[in-house]
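Comments concern the structure below.
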Amino acid sequence: MTVGCVCGVVLFALGALNGHAAAAVNNVVSFQGKLTNPDGTNIPDGNYSILFTIYDGGTPTGGGTNVWSETQTVTVQSGIFQVQLGSINTTLSSAVNFNHSPLYLGITVGSDPEMLPRVLFTSSPYAFNSGALNGLASSSFIQLAQGLQTDASGGDSIAINKTGGSGTIVTLQSEGNDVFVVNADGSIARTPGAGKTSTTNLTSGSQSLFV
């Protein structure tokens, strides 16, 4: 049997796209398509085995790296089918880098060869904001990680403007205890743990401040 596919409505469901926190991430992708015979008529209603494959890179006609696949038994009615990619092979969110483009979806029905062209993954409209937080790009935020974050910009690496309130500007803790505090008036408090040396060297240009 040789069939064709008129495919569309690729909806990403890999995170909260509307700016609100979600209780849990739904790690599947909804996909809908229509299967037809070579003459354009709908294939008979029934259940079909369909292999879905995601390729990183390549073109609509081939190439790229197979990074994820799963086979589903799909119910087709009037040529229409709808599936949740990732409901069988649940490694979808970890195996596929959805921060990379192009990504193509390959569809293989039964023993037929894979359909061409492959389907290019695209974003739903609200997903365009997923690369920013409150309008700011991810590069505008401080990274908290084991390692040093590179900053080659002409601005401040860390800039905080406290405009009110009675709290401190910066508080660093170790095992629940304050070890370094910058107060709102600019004074610095350094509290070492047991057996630690209380020495802080803050250097700016040719000036050093020892606390």
Side-chain angles (χ1 to χ4, degrees), residues 1-139 141:
M1 177 184 68
T2 302
V3 298
C5 182
V6 180
C7 302
V9 195
V10 178
L11 304 176
F12 287 90
L14 291 172
L17 303 182
N18 59 3
H20 298 286
V25 175
N26 186 1
N27 292 313
V28 298
V29 173
S30 296
F31 181 79
Q32 180 176 297
K34 183 176 183 180
L35 297 176
T36 64
N37 295 307
D39 61 3
T41 59
N42 296 335
I43 66 173
D45 292 352
N47 294 328
Y48 295 84
S49 177
I50 302 181
L51 170 64
F52 299 95
T53 304
I54 294 180
Y55 298 91
D56 191 328
T59 70
T61 57
T65 302
N66 178 342
V67 293
W68 175 91
S69 64
E70 72 177 8
T71 300
Q72 294 195 26
T73 299
V74 178
T75 300
V76 178
Q77 293 183 330
S78 300
I80 302 295
F81 71 90
Q82 183 171 344
V83 296
Q84 304 292 322
L85 302 179
S87 60
I88 305 298
N89 181 355
T90 58
T91 65
L92 179 61
S93 61
S94 60
V96 182
N97 180 10
F98 284 101
N99 196 37
H100 182 262
S101 183
L103 294 172
Y104 290 98
L105 177 66
I107 301 171
T108 305
V109 179
S111 60
D112 285 357
E114 184 178 86
M115 297 180 187
L116 295 177
R118 295 169 177 169
V119 180
L120 175 66
F121 275 86
T122 58
S123 299
S124 59
Y126 281 107
F128 290 129
N129 195 46
S130 63
L133 178 62
N134 199 27
L136 297 176
S138 59
S139 58
F141 293 89

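Hydrogens, waters and symmetry mates are skipped; everything else that's a heavy atom, side chains included, is used. For clarity, every value in this text was computed on a predicted model and none was experimentally measured. Index from 1, following the sequence.
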By side chain to side chain donor-acceptor pair (under 3.5 Å) - contacts of Asn42 (at least two apart): Lys34
For Ser69, side chain to side chain donor-acceptor pair (under 3.5 Å) partners two or more places apart: none
Atom of Val28, atom of Ser87 and distance for their closest heavy-atom approach: CG1-N, 4.1 Å
Pairs where residues 70-84 contributes a residue and the test salt bridge (charged side-chain N to carboxylate O under 4.0 Å, His left out) is met, not counting sequence neighbours: none
Summary of side chain to side chain donor-acceptor pair (under 3.5 Å) pairs that have at least one residue in residues 75-85, sequence neighbours excluded: Ser30-Gln84, Asn47-Thr75
Would you give me the side-chain donor-acceptor pairs under 3.5 Å for residues 49-59, sequence neighbours excluded?
residue	atom	partner	partner atom	Å
Tyr55	OH	Glu114	OE2	2.8
Asp56	OD1	His100	ND1	2.7
Thr59	OG1	Thr61	N	3.3
Thr59	OG1	Thr61	OG1	3.2
Thr59	OG1	Gly62	N	3.4
Thr59	OG1	Gly62	O	3.2

Criterion side chain to side chain contact (heavy atoms under 4.5 Å, CB included) on Leu85 and Leu105, from CA distance to verdict: CA-CA 10 Å; Leu85 302 179; Leu105 177 66; 4.0 Å; yes
Parallel, tilted or perpendicular: ring planes of Phe81 versus Phe31, cut at 30 and 60 degrees: tilted
Check: Asn89 main-chain N/O paired with Trp68 side-chain donor or acceptor under 3.5 Å: yes
Residues, nucleotides or ligands: over 12 heavy atoms within 6.0 Å of Asn97 CG: yes
Residues forming a side chain to side chain contact (heavy atoms under 4.5 Å, CB included) with Pro60, sequence neighbours excluded: Tyr104, Pro117
Contacts of type side chain to side chain contact (heavy atoms under 4.5 Å, CB included), residue Thr41, not counting sequence neighbours: Asn37, Asp39
